[in-house]
Amino acid sequence: MDETSEIIRQRREKARGLADQNIELYPNDFEVSHRVDGVREHIHQLKEGEESTAVFAMAGRIMALRGFGKAAFIHFRDYTGQIQAYIKRDEIGVEQYALFKQFDVGDFIGIKGSVFQTKTGEWTLFAKEIRLLCKAIRPLPEKFHGLRDPEKRYRQRYLDLLMNPNVRDVFIKRARIIESFRNFLLERSFLEVETPMMQPVPGGAEATPFKTFHDALGMELFLRIAPELYLKRLVVGGFERVFEINRSFRNEGISSRHNPEFTMLEFYQAYATYEDLMSLTEEMFRFVTQRVLGETHFTYQGNAIDMTGPWRRLTLKDALSELGGIEPSMWNDRQRLLDFAKSEGVEIKKARRAGNILMKLFDVLVEPKLIEPTFVVGYPVEVSPLARRSSEEPDITERFELFIGGREIANGFSELNDPSDQKRRFLDQVANREDGDQEAHHMDEDYVVALEYGMPSTAGEGVGIDRFVMLLTDSASIREVILFPQLRKAGQ
RNA sequence: GGGCCGUUAACUCAGUUGGUAGAGUAUCUGCCUUUUAAGCAGAGAGUCGCGCGUUCGAGUCGCGCACGGCCCA
């Protein structure tokens, strides 16, 4: 369909015409001396109205073109910024100007020239020499409205990045966020590691995995739903502080909050407790927010959020009763919870146990109310199969979840390092699975063996990077913070 | 999975009670040597997402499908 489009046909002919004149359409030997930000620095040294003696060799894309017959202004863009350039026939010569006339918005060109100030005071690259660096065959979207069609924005993200500066900023911020988390942990002697994404037993979370198959090994493998169990094996191996920032995969529906592949930070610290991690978490998020935004407060979807701290701590019990209206007497009564869920219009899968129903009710009724950063603590053992039991209350684990902007952002706990308790917990999960709970944990014998060699007391945490990027960029959908979000196959 | 909305030129969008498709930007031609959403004059450009149906006639009405968005679960 595009192939018959008039504009593309014209561009192809134009390209052919240039090639016929022995003009290279895609050369790679242009030497760049300056980028736009470098020129802007240079400008500070110039006096008003003065033309630079220095010559700049610059490469970039034509983003706008205003021609006047024998002269033209263009907007010329590279990664570091945009600058205006002035192309004048009497300066570059008749032959070069004729070449310039065949350039289009979207083409990459090389310009050698000085810098001067126009009548209106704008510093402008004054071309002495121009060159085609890459001919664009397809026209860019309209400059004023940019690219709006959300489907096209996701499928052809390069156009989105090119035309919508706010989108570009989101992804630059995303990179800074990840960089800041990494720096924070590196400064505290955490070792960055990579653990398998293809796992024989998927573990570390309650989720449905993607299946794959290794032909040579004749072996079924799962894309990881979390790196947790491997990172803790590394703690067994003597790496007392480790972290990993990378993708996990969950075979679930796609929504404005879920992408099948998403990025988590997980980190583990030996001889720390979940209390220590809450302090560290507060410090870490404050650090990242300050680094990325330059301040520790921001607005998310109309809600003011202050990361300064100290953050509120709330027991799950209090959160459920005070914010969700669920009395503690209902906690272990599966039938009453089901009835309550029904009365609240919350749909529950049949196989779920009381603890899971409780968590579902929490997700729907309580979570959206936790706008300011809040630690919720005191999760039941039933829904925390990898977390250490509280010494005072054995049915409760030493676990917290962090909520910001009505979303779960992090989940951390003192790790269960008693191999026999871990084995019992796995067996309990396997029973759930046999009762039809697809998301219950698998038995991981190999992990139990690792614990039998001895894992020091450890605390660990997972952070949803995409969700936090959403917060700091005020993005309503996860698709706005993932460069290439998962979509269905394009229609014809 | 359910509900609502969308899909029209390269892009952003109009399109009336059903009568055979428009604008702006972009493109092409001409004029224009300090413009910045440059300007002036002219021109070309469409499988109206796909399919079936109703109708003398469908961008418009109905059904199905595809893709996307929002909300619910």
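Chain letters run A, B, ... following the sequence lines, proteins first, then strands; residues in each count from 1.
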Which nucleotide wins on minimum distance to the side chain of Leu487(A), given the candidates A37(B), U12(B), G68(B)?
G68(B)

How long is the line joining CG of Asp363(A) and C1' of A73(B), in whole Å?
13 Å

Give every residue pair that meets the side chain to side chain donor-acceptor pair (under 3.5 Å) criterion with at least one member in residues 102-115 of chain A, sequence neighbours excluded.
Arg11(A)-Asp104(A), Lys14(A)-Asp104(A), Gln21(A)-Gln102(A), Glu51(A)-Ser114(A), Asp104(A)-Lys135(A), Asp107(A)-Lys135(A)

Round to the nearest Å and state the distance from Arg153(A) atom CZ to A10(B) atom P.
21 Å

Interatomic distance, Lys489(A) NZ vs C65(B) C1' [rounded to whole Å]
15 Å

Electrostatic pair Arg155(A)-Glu151(A), nearest N-O below 4.0 angstrom:
yes

Indicate every side-chain donor-acceptor pair of residues 30-46 of chain A with a distance under 3.5 Å to a residue at least two apart or in another chain.
residue  : atom : partner  : partner atom : Å
Ser33(A) : OG   : Ala57(A) : N            : 2.8
Ser33(A) : OG   : Ala57(A) : O            : 3.4
Arg40(A) : NH2  : Gln82(A) : O            : 2.5

Looking only at side-chain atoms of Lys119(A), point me to the closest of U34(B), U12(B), U35(B).
U34(B)

Distance, P atom - from C63(B) to U54(B), rounded to whole angstrom
15 Å

Identify, with sequence neighbours excluded, every residue that meets side chain to side chain contact (heavy atoms under 4.5 Å, CB included) alongside Gln199(A).
Pro196(A), Arg224(A), Tyr230(A)

Could you give the side-chain donor-acceptor pairs of residues 474-484 of chain A under 3.5 Å, partners two or more places apart or in another chain?
residue   : atom : partner   : partner atom : Å
Asp474(A) : OD1  : Gln301(A) : N            : 2.5
Asp474(A) : OD1  : Gln301(A) : NE2          : 2.9
Ser475(A) : OG   : Thr473(A) : OG1          : 2.7
Ser477(A) : OG   : Arg479(A) : N            : 3.1
Glu480(A) : OE1  : Arg153(A) : NH2          : 2.7
Glu480(A) : OE2  : Arg153(A) : NH1          : 3.2
Glu480(A) : OE2  : Arg153(A) : NH2          : 3.4
Glu480(A) : OE2  : Tyr154(A) : OH           : 2.8

Cationic tip of Arg174(A) within the cone over Phe468(A)'s six-membered ring, i.e. under 6.0 Å and within 45° of the normal?
no

Contacts of Ser329(A) that satisfy side chain to side chain contact (heavy atoms under 4.5 Å, CB included) - sequence neighbours left out
Glu327(A), Arg336(A)

Residue closer to the 5' end of RNA chain B, His145(A) versus Gln117(A) (nearest nucleotide)
His145(A)

Strictly under 6.0 Å, is that where the ring centroids of Phe181(A) and Phe285(A) end up?
yes

Over how many whole Å does the gap from Arg257(A) atom CZ to G69(B) atom P extend?
16 Å

Here the distance between atom C1' of A9(B) and atom CZ of Arg138(A), to the nearest Å, is 15 Å

Start at the 5' end of RNA chain B and walk down; is the nucleotide closest to Phe144(A) or to Arg148(A) reached first?
Arg148(A)

Of G68(B), U34(B), A26(B), the nucleotide closest to the side chain of Arg155(A) is G68(B)

According to a strict under-4.0 Å criterion, is Lys152(A) in side-chain N/O contact with OP1 or OP2 of G68(B)?
no

Which nucleotide sits closest to the side chain of Thr118(A): A26(B), G24(B), U35(B)?
U35(B)

How far does the P atom of G69(B) sit from the matching atom of A10(B), given to the nearest Å?
22 Å

When you compare the protein's N or O atoms with those of nucleotides 70-72 of chain B, which come within less than 3.5 Å of each other, and at what distance?
residue : atom : partner   : partner atom : Å
C70(B)  : OP2  : Arg479(A) : NH1          : 3.0

Taking atom P in both C13(B) and U7(B), what distance in whole Å separates the two?
10 Å

Expressed as a whole number of Å, how far does the C1' atom of G44(B) sit from that of G2(B)?
47 Å

Look at all strands and tell whether Leu140(A) reaches a base, only sugar-phosphate, or nothing, counting heavy atoms closer than 4.0 Å.
nothing

Extract all donor-acceptor atom pairs below 3.5 Å that involve side chains of residues 400-409 of chain A and protein atoms in other chains or at least two apart in sequence.
residue   : atom : partner   : partner atom : Å
Glu401(A) : OE1  : Tyr379(A) : OH           : 3.0
Glu401(A) : OE2  : Arg399(A) : NH2          : 2.9
Arg407(A) : NH1  : Tyr300(A) : OH           : 3.2

Could you please name the option among U25(B), A45(B), C11(B) that lies closest to any side-chain atom of Leu147(A)?
C11(B)

Using the P atom as the point on both nucleotides, what is the distance between G19(B) and G59(B), in whole Å?
10 Å

Spacing of Leu159(A) atom CG relative to A10(B) atom P, expressed in whole Å:
14 Å

Base, sugar-phosphate or nothing for Tyr97(A)? Non-hydrogen atoms, less than 4.0 Å.
nothing

Rounding to an integer number of Å, can you tell me how far Ile7(A) CD1 sits from A43(B) P?
18 Å

Side chain to side chain contact (heavy atoms under 4.5 Å, CB included) involving Gln335(A) - partner list, sequence neighbours excluded:
Asp333(A), Leu338(A), Asp339(A)

Please convert RNA chain B into dot-bracket. A pair counts if it is Watson-Crick or G-U wobble with both distances under 3.5 Å; crossing pairs go in [ ] and bases paired with another strand get |.
(((((((..((((.....[..)))).(((((.......))))).....(((((..]....)))))))))))).

Please state the P separation for the pair G24(B) and A38(B) - nearest whole angstrom.
16 Å

So which nucleotide from C32(B), A10(B), G68(B) ends up closest to the side chain of Glu151(A)?
G68(B)

With respect to the side chain of Arg488(A), which nucleotide from C67(B), A10(B), A38(B) is positioned closest?
C67(B)

Which pairs of donor and acceptor atoms, one on a side chain in residues 358-371 of chain A, lie under 3.5 Å apart (sequence neighbours left out)?
residue   : atom : partner   : partner atom : Å
Lys369(A) : NZ   : Leu323(A) : O            : 2.6

OP1 or OP2 of A38(B) versus the side-chain N and O atoms of Arg66(A): is any pair under 4.0 Å?
yes

Tell me which residues in residues 78-88 of chain A lie within less than 4.0 Å of RNA chain B, going by non-hydrogen atoms.
Gln84(A), Tyr86(A), Lys88(A)

What's the gap between U47(B) and C11(B) when it is taken at their P atoms, as a whole Å value?
12 Å

Are Phe126(A) and Phe116(A), when compared by the centres of their aromatic rings, separated by less than 6.0 Å?
yes

Quick test: give all pairs of protein nitrogen or oxygen and nucleotides 28-31 of chain B nitrogen or oxygen below 3.5 Å, distance rounded to 0.1 Å.
residue : atom : partner  : partner atom : Å
C28(B)  : OP1  : Lys14(A) : NZ           : 2.5

Tyr86(A) vs Gln84(A), side-chain hydrogen bond (donor to acceptor under 3.5 Å, both in side chains): CA-CA, chis, key distance, verdict:
CA-CA 7 Å; Tyr86(A) 184 47; Gln84(A) 175 170 271; over 6 Å; no

Write down the distance between CG (Leu65(A)) and C1' (A38(B)), rounded to a whole number of angstrom.
11 Å

Does the ring of Phe73(A) meet both stacking tests against the six-membered base ring of U35(B): centre distance under 5.5 Å and plane angle under 30°?
yes

So which atom in Leu337(A) and which in Ile357(A) form the shortest heavy-atom distance, rounded to 0.1 Å?
CB-CG2, 3.8 Å

